[in-house]
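This report refers to the structure that appears directly beneath it.
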Amino acid sequence: MKDIKYTRLDELLDDNLEEFEPSESSITLKTVLIGIFLIGFFILFVFYFNTNLKLHADGKFSRRISMINGKLKKLKYKNATKFEDFYFRKSETQFLQCSEFLEDNQTSIDQYVSHGRLRRDKNTTFPLKMDCDSIKTRLFGDLPAFESLGKSIAFVRNAYTLYELQEVFLSMNWHPDHFFCYALDRKSDEKMKKSMRKLDECFENVIVLEKEYDFDRKGHRQDLAHFDCLERLLDRNWSHAITLQNFDMLIKTPRQLSDLSDLLNYTSIMGFDYGLKDRYDVTADWTPAGMKLLKNETGVPQEILHKKMVVRKSLNEVILSKMFVKSIFEKLNIDKVIQRFDDDKRFGVDEMMIMTLYENYLGLDGQMESNCVKEREDKLTRLNYWNLNQPDGVNPDCKSNWLRHSLCVFGVEYLKEISESPMVLGIFFVESEFDLLMFSANKVVEDFDFGTVLCVREMMKSGKTGKNPDTDWLASNFPQFREMEIKANGTFVRGSIEC
Ligand SMILES: *[C@@H]1O[C@H](CO)[C@@H](O)[C@H](O)[C@H]1NC(C)=O
Ligand SMILES: *[C@@H]1O[C@H](CO)[C@@H](O)[C@H](O)[C@H]1NC(C)=O
Ligand SMILES: *[C@@H]1O[C@H](CO)[C@@H](O)[C@H](O)[C@H]1NC(C)=O
Ligand SMILES: *[C@@H]1O[C@H](CO)[C@@H](O)[C@H](O)[C@H]1NC(C)=O
Ligand SMILES: *[C@@H]1O[C@H](CO)[C@@H](O)[C@H](O)[C@H]1NC(C)=O
Ligand SMILES: *[C@@H]1O[C@H](CO)[C@@H](O)[C@H](O)[C@H]1NC(C)=O
Ligand SMILES: *[C@@H]1O[C@H](CO)[C@@H](O)[C@H](O)[C@H]1NC(C)=O
């Protein structure tokens with residue numbers, strides 16, 4: 001509680017006393033005593049009748065009573081018997097039936113949707129106890145004891161909206177063997193920033209960078225923040241990092257991700273698309289020598305130094321092996337390439353840099369060596385449903401009937417698919433102040449189904465997550481995995497693999 005200032009009951013009442021202090025200095029003792037008596041009475045009154053108090057007296061006094069009454073109601077910390085009780089009233093969650101939704105029971109889904117999906121924004125959250133013990137109780141008080149994992153993951157996330165959403169995400173992914181780093185948006189409100197920083201204080205394996213960033217919808221500063229986090233985590237013992245944005249929801253358990261990392265060995269996971277010409281400077285010098293990309297050019301083949309890199313593209317979300325990340329920091333002037341892509345005049349700038357470094361041979365450890373000229377989608381990282389070139393809003397092609405930025409918003413209608421998906425994460429949108437700040441013309445959508453998030457947690461808890469991919473599946477979908485297998489067999493010749 002020390003440095004997190006949530007309004008407390010005593011503070012609230014103190015404020016109130018001050019406000020009732022008369023402004024004229026020539027006030028009599030009698031008036032003061034009557035005042036104190038009235039306030040005392042009023043406080044008791046509020047204490048005993050705060051649940052359904054409605055005073056109909058006129059004037060300032062009654063307005064203050066109902067205002068304080070409202071605050072008192074909100075100030076009651078919730079005693080949760082179930083996880084969702086920390087964040088929602090029982091009356092709100094009465095139609096949340098995760099186990100039915102996961103079975104795709106249309107009746108229960110319709111019932112939930114017709115009574116209004118669960119929503120939270122910063123105006124409707126409950127006060128949460130923010131001491132470390134309370135946070136830990138919320139995050140994993142209802143989970144079985146943690147068992148140690150083989151491989152550790154670094155979760156690297158750029159965050160900007162609602163603390164509660166990030167807390168629930170963390171409650172699904174946190175494990176003592178994993179690592180977490182957050183980069184916060186400068187425009188996030190103070191409460192969000194302070195609450196996130198509290199996580200850093202409470203957990204040895206959670207880092208929240210001191211530096212804050214100017215994120216926007218065009219993807220600016222995303223790569224920079226991810227790499228600042230990766231650098232901070234470099235001396236920790238993880239084998240893969242997963243880069244995430246604010247709304248990305250992991251749909252696999254901490255153990256499944258650890259097992260996946262084991263299977264991947266030093267392979268990184270991303271797709272093989274080509275950069276769109278309006279998203280980067282096509283006229284710039286893209287040779288490593290011209291970009292001063294390498295820290296040390298001595299002994300680097302001319303073929304690497306002077307070969308123009310081809311700009312590749314996939315998603316912002318990728319799975320990176322420690323070997324590859326380490327080599328990037330060791331061998332490259334990473335700030336140069338971050339700046340090159342983080343072009344303020346362009347849109348969608350955060351989906352090219354890592355692929356460009358991974359898919360053009362630069363002599364980095366753990367990178368793809370073969371030149372894969374095909375376009376290949378990343379079939380592991382992100383589950384989403386595109387409906388391109390259609391306006392935001394009601395859209396019957398989406399199961400949840402809502403489209404935003406060309407993506408179907410995940411409502412509880414998608415839970416069955418999520419629970420059967422081989423993918424590692426789903427993208428989930430919550431409408432935010434952030435978008436309003438950046439794009440005032442952007443239509444304000446308010447679709448926000450927190451029920452999906454709560455049920456995914458339930459899904460993980462009950463072990464109903466989709467199967468992890470096996471080596472055959474990885475080999476058939478990812479040329480970089482196949483390349484690794486061939487290398488392990490000792491039969492690899494660069495450029496030899498079919499991709
Ligand atoms: C919550 O539980 C504590 C102890 O278990 C109790 O003292 C407190 O009154 C309860 N609060 C509410 C709002 O029920
Ligand atoms: C589906 O959910 C409804 C409402 O909760 C329930 O009454 C019904 O038994 C469920 N159907 C099946 C097949 O489980
Ligand atoms: C929250 O409340 C403020 C002040 O009443 C309002 O300006 C803002 O739009 C609200 N935000 C949301 C997300 O509802
Ligand atoms: C790092 O983690 C690996 C398992 O991924 C383990 O085998 C190794 O002993 C760990 N190294 C240190 C220094 O803790
Ligand atoms: C990757 O696989 C090779 C064998 O091909 C093995 O020697 C090495 O230890 C593995 N590395 C990791 C990080 O698991
Ligand atoms: C640069 O690389 C060469 C060849 O590997 C090496 O001999 C030299 O020490 C390196 N220079 C620096 C400054 O690291
Ligand atoms: C690697 O070698 C093993 C054993 O010789 C073989 O079964 C396997 O198909 C090879 N894998 C690849 C990718 O070449």
Side-chain angles (χ1 to χ4, degrees), residues 82 84 90-118 146-156 173 175-181 204-205 230 233-242 252-269 288-289 292-306 319-334 336 361-366 399 411-416 419 449 451-452 454-455 458-459 462 464 468 484:
K82 284 196 287 192
E84 60 260 33
K90 287 226 189 292
S91 59
E92 292 173 290
T93 54
Q94 61 179 314
F95 298 107
L96 186 74
Q97 291 183 280
C98 296
S99 52
E100 296 296 333
F101 302 164
L102 283 161
E103 299 295 327
D104 216 10
N105 179 337
Q106 215 48 54
T107 313
S108 64
I109 290 174
D110 290 346
Q111 193 181 41
Y112 167 79
V113 172
S114 67
H115 284 86
R117 298 171 195 270
L118 291 180
F146 293 105
E147 288 169 13
S148 75
L149 302 174
K151 294 280 163 35
S152 297
I153 306 284
F155 298 90
V156 170
N173 308 141
H175 187 288
D177 292 351
H178 288 330
F179 302 96
F180 304 83
C181 179
E204 197 273 325
N205 60 349
L230 288 169
L233 289 173
L234 213 50
D235 62 352
R236 307 284 185 109
N237 191 13
W238 46 270
S239 46
H240 282 89
I242 304 182
K252 291 283 157 72
T253 62
R255 171 161 301 278
Q256 282 178 306
L257 295 172
S258 172
D259 293 348
L260 176 65
S261 171
D262 199 28
L263 216 53
L264 290 176
N265 193 314
Y266 62 80
T267 309
S268 296
I269 292 294
K292 304 221 176 345
L293 182 62
L294 298 157
K295 283 184 181 166
N296 181 359
E297 294 186 352
T298 314
V300 176
Q302 294 299 303
E303 188 201 318
I304 290 180
L305 281 179
H306 299 290
I319 305 176
L320 302 174
S321 73
K322 177 77 167 279
M323 186 197 267
F324 179 53
V325 172
K326 225 170 126 216
S327 189
I328 287 179
F329 282 112
E330 268 165 21
K331 296 190 179 160
L332 302 184
N333 290 312
I334 185 70
K336 292 240 172 3
Y361 185 62
L362 298 167
L364 300 175
D365 305 325
K399 269 190 168 186
V412 298
E413 295 88 341
Y414 284 99
L415 280 165
K416 190 166 198 290
S419 85
D449 194 343
T452 316
L454 294 170
C455 288
E458 199 54 41
M459 170 189 103
S462 55
K464 290 187 186 142
N468 252 19
M484 183 186 70

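In listed order, ligands and their atoms are each counted from 1. Not measured: the values here are computed from a predicted model. Numbers for residues simply follow the sequence, beginning at 1.
By the 4.5 Å heavy-atom criterion applied to side chains, L294 and N333 are not counted as neighbours.
Among residues at least two apart or in separate chains, there is no salt bridge (charged side-chain N to carboxylate O under 4.0 Å, His left out) pair with a member in residues 103-114.
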Verdict with reasoning, I319 to L260, per side chain to side chain contact (heavy atoms under 4.5 Å, CB included)
CA-CA 10 Å; I319 305 176; L260 176 65; 4.2 Å; yes
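Heavy-atom separations between G150 and ligand 4 include at least one value shorter than 4.0 Å.
Between N237 and ligand 4, at least one pair of N/O atoms sits closer than 3.5 Å.
Taking a cut-off of under 4.0 Å to the non-hydrogen atoms of K151, the atoms of ligand 4 that pass are 5 (O).
Listed as neighbours of ligand 2 are Q97, E100, N105, S108, each bearing a heavy atom under 4.0 Å from the ligand.
Counting heavy atoms of neighbouring residues, nucleotides and ligands inside a 6.0 Å radius, atom NZ of K295 exceeds 12 of them. Within a 6.0 Å radius of NZ in K331, more than 12 heavy atoms belonging to other residues, nucleotides or ligands are found.
Using a 4.0 Å cut-off between charged side-chain N and carboxylate O, K82 and E458 make no salt bridge.
The aromatic rings of H175 and H178 are tilted relative to each other, their planes meeting at an angle between 30° and 60°.
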